[in-house]
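Numbers restart at 1 for each chain; the letters A, B, ... are given by sequence-line order, proteins then strands.
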Number of protein chains: 2
Amino acid sequence: MTENDIFRALADPTRRAIYEKLAAGGMNASALREGIEISQPAMSQHLSVLRSAKLVREERHGRFVNYEIDPEGLALIAQWLAKYRAYWPQRIEALKILLKDMDR
Amino acid sequence: MTENDIFRALADPTRRAIYEKLAAGGMNASALREGIEISQPAMSQHLSVLRSAKLVREERHGRFVNYEIDPEGLALIAQWLAKYRAYWPQRIEALKILLKDMDR
DNA sequence: CCAACACATAAGCGTACACTTATGCGATTC
DNA sequence: GAATCGCATAAGTGTACGCTTATGTGTTGG
């Protein structure tokens, strides 16, 4: 769950696609495969990487495993980003939102 | 300068170390090598990757090349992070405490 | 029970990545 | 103007990565 795990996990476009899909709502591994052309083992391996980076967490339901976004990973990214606050461009809306929340 | 370039660039711990060092202030490639055990070509290659990801920008001064943080890359990361705002942990307060702990 | 299912793990393979040594190139210095 | 300096590029190499096929593990329904 290190900073290194996080960035390495996000370096792969397929994993970012999986992550984005999960952002729309939690779902199991099979459902995640729909729309993305990927084999079952590949998906399982990607989820394993995302899980050990704390970007995603699992919840067993019988033989199904429901996956969802893990806020812990996002927090670590936010921490990393905060270190470079001095260089944040002023006129980015997304940053303003981030700033507001973190200043609270 | 795609999202992919950014995350791939940050996936390498050496490049993150270079980036962090630049956050303390712009400097040339030779100065960047001090403290980090790295060959001159390796440094040049890392800087090239960071540059094409818009994480860093260069400024030629004679035979020296001064490197500095490029806010554009940070903006893209912030945009990416903003997409998952719904999952940001509520207790940003705790996040800030964590930040201070990491600063030692 | 046992067959089908959801998912994980193992082993092998091609490719991308980060490094090395060697060389090139433009700018300064003497 | 030749040597040196700061940096970039080329070419080669070991390793990590993401994929595949095959198999294992636990669960559920008929």
Side-chain angles (χ1 to χ4, degrees), chain A residues 1-22 24-70 73, chain B residues 1-22 24-70 73:
Chain A
M1 193 217 88
T2 67
E3 187 176 279
N4 200 55
D5 292 330
I6 298 226
F7 282 116
R8 274 190 37 233
L10 292 175
D12 184 71
T14 303
R15 275 194 294 267
R16 288 200 307 278
I18 293 170
Y19 190 78
E20 193 155 31
K21 199 163 186 185
L22 280 178
M27 64 183 87
N28 60 52
S30 297
L32 269 172
R33 287 183 60 202
E34 290 166 18
I36 306 178
E37 196 164 333
I38 190 173
S39 71
Q40 180 269 316
M43 174 58 78
S44 183
Q45 289 159 17
H46 280 308
L47 287 171
S48 173
V49 172
L50 289 169
R51 190 166 1 103
S52 54
K54 294 281 186 199
L55 282 165
V56 144
R57 64 184 174 199
E58 67 178 25
E59 201 178 311
R60 269 216 161 265
H61 283 140
R63 60 179 164 178
F64 296 85
V65 179
N66 197 272
Y67 283 94
E68 58 183 5
I69 299 285
D70 187 342
Chain B
M1 192 216 88
T2 66
E3 189 177 275
N4 200 55
D5 291 330
I6 298 225
F7 283 115
R8 274 191 36 232
L10 292 175
D12 184 73
T14 303
R15 276 194 293 267
R16 287 200 308 277
I18 293 170
Y19 191 78
E20 192 155 32
K21 199 165 187 184
L22 280 178
M27 63 183 87
N28 60 51
S30 298
L32 269 174
R33 286 184 59 201
E34 290 167 20
I36 307 179
E37 196 163 330
I38 191 174
S39 71
Q40 179 269 315
M43 175 59 78
S44 183
Q45 287 159 16
H46 280 309
L47 286 170
S48 174
V49 172
L50 288 169
R51 190 166 2 101
S52 53
K54 294 280 187 198
L55 283 165
V56 145
R57 63 184 174 201
E58 68 178 26
E59 198 177 311
R60 269 216 160 264
H61 284 140
R63 60 177 162 178
F64 296 85
V65 178
N66 197 273
Y67 283 93
E68 58 183 7
I69 298 285
D70 187 342

Touch check for [X], heavy atoms < 4.0 angstrom, all strands: base, sugar-phosphate only, or nothing?
X	result
A/Ser44	base
A/Arg15	sugar-phosphate
A/Ser48	nothing

[X] side-chain N/O to [N] phosphate OP1/OP2 under 4.0 Å:
X	N	result
A/His46	D/dC19	yes
B/Ser39	C/dT21	no
A/Tyr67	C/dA8	yes

| message | Restricting to non-hydrogen atoms, name the atom on A/Asn4 and the atom on B/Pro13 that form the minimum distance, rounded to 0.1 Å. | response |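 In terms of heavy atoms, the two residues are closest at OD1-CD, 3.6 Å.
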Distance check needed: [N] [atom2] versus [X] [atom1], whole Å only.
X	N	atom1	atom2	answer
A/Glu58	C/dA8	CD	C1'	10 Å
B/Phe64	D/dT4	CZ	C1'	12 Å
B/Glu59	D/dG6	CD	P	18 Å
A/Phe7	D/dC17	CZ	P	16 Å
B/Asn28	C/dA27	CG	P	17 Å
B/Ile36	C/dC19	CD1	P	11 Å
B/Gln45	D/dG12	CD	C1'	12 Å
A/Arg33	C/dA8	CZ	P	12 Å

Side chain of [X]: nearest nucleotide among [options]?
X	options	value
B/Arg8	C/dC17, D/dA11, C/dA10	C/dC17
B/Ala42	C/dC7, D/dG18, C/dC19	C/dC19
A/Pro41	D/dG18, D/dT20, D/dA10	D/dT20
B/Arg51	D/dG6, C/dA6, D/dA8	D/dA8

Expected output: side-chain [X] to main-chain [Y] donor-acceptor under 3.5 Å:
X	Y	result
B/Arg33	B/Ile38	yes
B/Arg51	B/Val56	no
B/Asp70	B/Gly73	no
A/Asn28	A/Ala31	yes
B/Arg60	B/Gly62	yes

| said: Using heavy-atom distances to pick each residue's nearest nucleotide on DNA chain D, tell me which of A/Arg60 and B/Ala29 is more 5'. | reply: B/Ala29
| said: Looking at A/Gln40 and C/dA8, is any side-chain donor or acceptor paired with a base atom of the opposite kind under 3.5 Å? | reply: yes
| said: Is there, by distance only and without an angle test, a donor paired with an acceptor across the side chain of A/Arg63 and the base of C/dC7 below 3.5 Å? | reply: no
